[in-house]
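One structure below.
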There are 2 protein chains.
Amino acid sequence: MMAGEIAGKEEEMGEITDPGRKSAGARRSPESADAILDAAEAVLVETGYSGFSIEAVARRARAGKPTIYRWWPSKAALLLDVYQRQKRVDNPDTGNLAEDLVGFLKSLFAHWRDTSSGSVFRSLIAEAQSDEKAAAALAEYARGRRIHTGQMVERAKARGEVAADVDATVVADLIASFAWAHLLTDRLDEDEAILRRAVGYVLKGIVADDAGDATAVRRRRRRILSRPAK
Amino acid sequence: MMAGEIAGKEEEMGEITDPGRKSAGARRSPESADAILDAAEAVLVETGYSGFSIEAVARRARAGKPTIYRWWPSKAALLLDVYQRQKRVDNPDTGNLAEDLVGFLKSLFAHWRDTSSGSVFRSLIAEAQSDEKAAAALAEYARGRRIHTGQMVERAKARGEVAADVDATVVADLIASFAWAHLLTDRLDEDEAILRRAVGYVLKGIVADDAGDATAVRRRRRRILSRPAK
DNA sequence: TATTCGAAACGAAACGTTCCGTAACGATAA
DNA sequence: TTATCGTTACGGAACGTTTCGTTTCGAATA
């Protein structure tokens with residue numbers, strides 16, 4: 001759980017009774033937690049990242065700052081929990097990798113653009129540049145997403161659509177990086193044609209068909225050698 | 001000039017005499033400007049982005065805050081000028097696009113890792129998420145870099161190495177995005193082998209050689225049709 | 001004389017923490 | 001079963017610190 005990695009929460013809503021305690025005391029309020037997360041999202045949407053502060057969230061949630069700091073040690077941790085609450089973009093499974101990847105990018109851009117998730121995620125990336133724990137959590141999250149996105153490539157490999165030696169996570173890294181840069185530079189309205197081009201370049205490459213003798217010769221040799229083997 | 005775009009500096013170091021002024025008065029001090037930019041870089045290097053503030057820069061530069069605000073309206077504007085002072089990574093020109101792009105990524109990562117430029121640039125990206133002017137300046141800068149990086153692809157097109165219809169800036173976008181994501185997630189020590197894979201996937205694609213009949217047939221047809229035309 | 005500079009001061013905002021009174025909860029005793 | 005106790009959680013207030021962006025000031029420059 002990502003939140004656990006930053007926040008180090010060992011107790012979940014006060015349900016565990018620590019032997020060092022003489023009595024359980026009051027329970028944590030799930031309503032409070034939800035109100036704080038809702039408020040965090042609302043503040044970010046209404047005032048942007050520049051207006052996002054723990055003070056503003058506390059005011060909006062009608063919660064005490066100590067309550068927020070009890071569960072979330074930093075702005076980044078709070079933003080991360082907000083992001084984790086939001087739906088994830090699914091991997092399309094059309095049987096064709098180009099369509100899968102273009103569909104994925106289109107869905108991701110729409111999701112980031114049409115919900116608060118884009119604002120949340122870009123704020124998180126920004127926080128990660130000044131908060132080491134946030135940076136570690138973001139890196140871990142990105143690693144997991146590369147594997148998940150890479151599943152589209154793995155499926156294509158299983159279908160024989162993609163070469164067996166292709167590293168799916170490097171491909172996913174290329175695609176996700178493209179998306180991140182679009183998010184960070186306000187380009188979520190990119191033309192579908194450009195998305196198709198970018199995906200096309202990754203799938204089919206950009207070298208010319210009869211580019212240089214060496215490339216063409218190498219291709220012919222590879223064809224010849226692979227056929228008798230079959 | 002990027003700084004001009006944020007800072008709106010119409011006068012250059014007080015050299016222009018504005019008709020509305022009754023006397024030239026004291027000149028702006030170039031030593032001051034340099035001291036401030038040097039201090040900004042030093043503060044960022046020593047305390048990281050989280051310790052970077054106008055107060056800290058003013059203290060370090062032994063300059064007045066009003067002096068800083070006179071010339072740079074925001075942290076982002078100051079960071080941008082610091083970044084603009086730094087050397088740019090050149091485009092390799094080896095006559096082979098794969099070597100050019102891998103060399104470019106390696107140089108860029110080394111530059112970002114071994115100088116303050118990486119810290120400066122990631123801080124700038126972070127600032128751009130909360131400062132609209134910084135966002136506009138970053139987007140403009142990124143646009144210019146895409147064209148510049150795309151020159152490696154244009155040269156490869158001219159050599160016949162890359163197909164004539166390939167959009168060089170989309171390719172540059174893929175490569176730069178990959179670099180940005182590495183910078184933002186602390187991966188500037190990436191293996192050269194991974195860089196080569198990623199570049200290779202963009203150049204040669206990832207589809208299998210005999211992937212699906214349709215793909216192979218399409219390739220054969222394209223070969224046949226293009227030859228008689230020549 | 002007008003302009004620039006660095007130092008000092010200003011009011012506002014946010015930070016992360018402590019304090020306070022109230023409410024909630026489980027354990028214990030009657 | 002009910003009442004009491006000790007502990008924890010809560011929101012509100014307050015705290016000292018830092019930074020923000022701005023104004024004021026006296027000295028230096030042209």
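Every value quoted in this text rests on a predicted model; they were computed, and no experiment measured them. Side-chain atoms are counted along with the backbone in the values below, which use heavy atoms only and exclude waters and symmetry mates.
Distance CG (L78(B)) to P (dC20(D)): 11 Å, rounded to an integer number of Å. Whole-Å rounding puts the R70(B) CZ to dT23(D) C1' distance at 12 Å. Between the CD1 atom of I68(B) and the P atom of dA7(C) there is a distance of 11 Å, rounded to whole Å.
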* Determine which bases of DNA chain C form Watson-Crick or G-U wobble pairs with both distances under 3.5 Å, and write the result as a 5' to 3' dot-bracket string with | for other-strand partners. => ||||||||||||||||||||||||||||||

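A search for side chain to side chain donor-acceptor pair (under 3.5 Å) contacts involving S119(B) returns nothing, not counting sequence neighbours. Scanning for salt bridge (Lys or Arg N to Asp or Glu O under 4.0 Å) contacts around R85(B) gives D34(B), D38(B), with sequence neighbours left out. Scanning for side chain to side chain donor-acceptor pair (under 3.5 Å) contacts around E154(A) gives an empty result, with sequence neighbours left out.
For the OP1/OP2 pair of dC5(C) and a distance below 4.0 Å, the side-chain nitrogens and oxygens of S32(B) include no atom meeting the criterion. Taking 4.0 angstrom as the limit, R27(A) places a side-chain polar atom (N or O) nearer than this to OP1 or OP2 of dG26(C). Proximity of T67(B) to the phosphate of dG6(C): a side-chain N or O atom is located under 4.0 Å from OP1 or OP2.
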Which atom pairs, one a donor and one an acceptor, fall under 3.5 Å between side chains of residues 50-59 of chain A and the rest of the protein, sequence neighbours left out?
{"residue": "S53(A)", "atom": "OG", "partner": "A56(A)", "partner atom": "N", "Å": "3.1"}
{"residue": "E55(A)", "atom": "OE2", "partner": "K65(A)", "partner atom": "NZ", "Å": "2.9"}

* Structure fact -> In 5'-to-3' order, the base (B), backbone-only (S) or no-contact (-) status of each nucleotide in nucleotides 14-19 of chain C, using a 4.0 angstrom heavy-atom cut-off, is BBBBB-

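Using a 30° and 60° split on the angle between ring planes, H182(B) and F178(B) fall in the tilted class, from 30° to 60°.
Here R122(B) does not pair with E127(B) in a salt bridge; the nearest charged N to carboxylate O distance is not below 4.0 Å. Electrostatic pairing of D167(B) and R146(B) does not count as a salt bridge here, judged by no charged N lying under 4.0 Å from a carboxylate O.
Between the side chains of S116(B) and E41(B), at least one donor-acceptor pair of N or O atoms lies under 3.5 Å.
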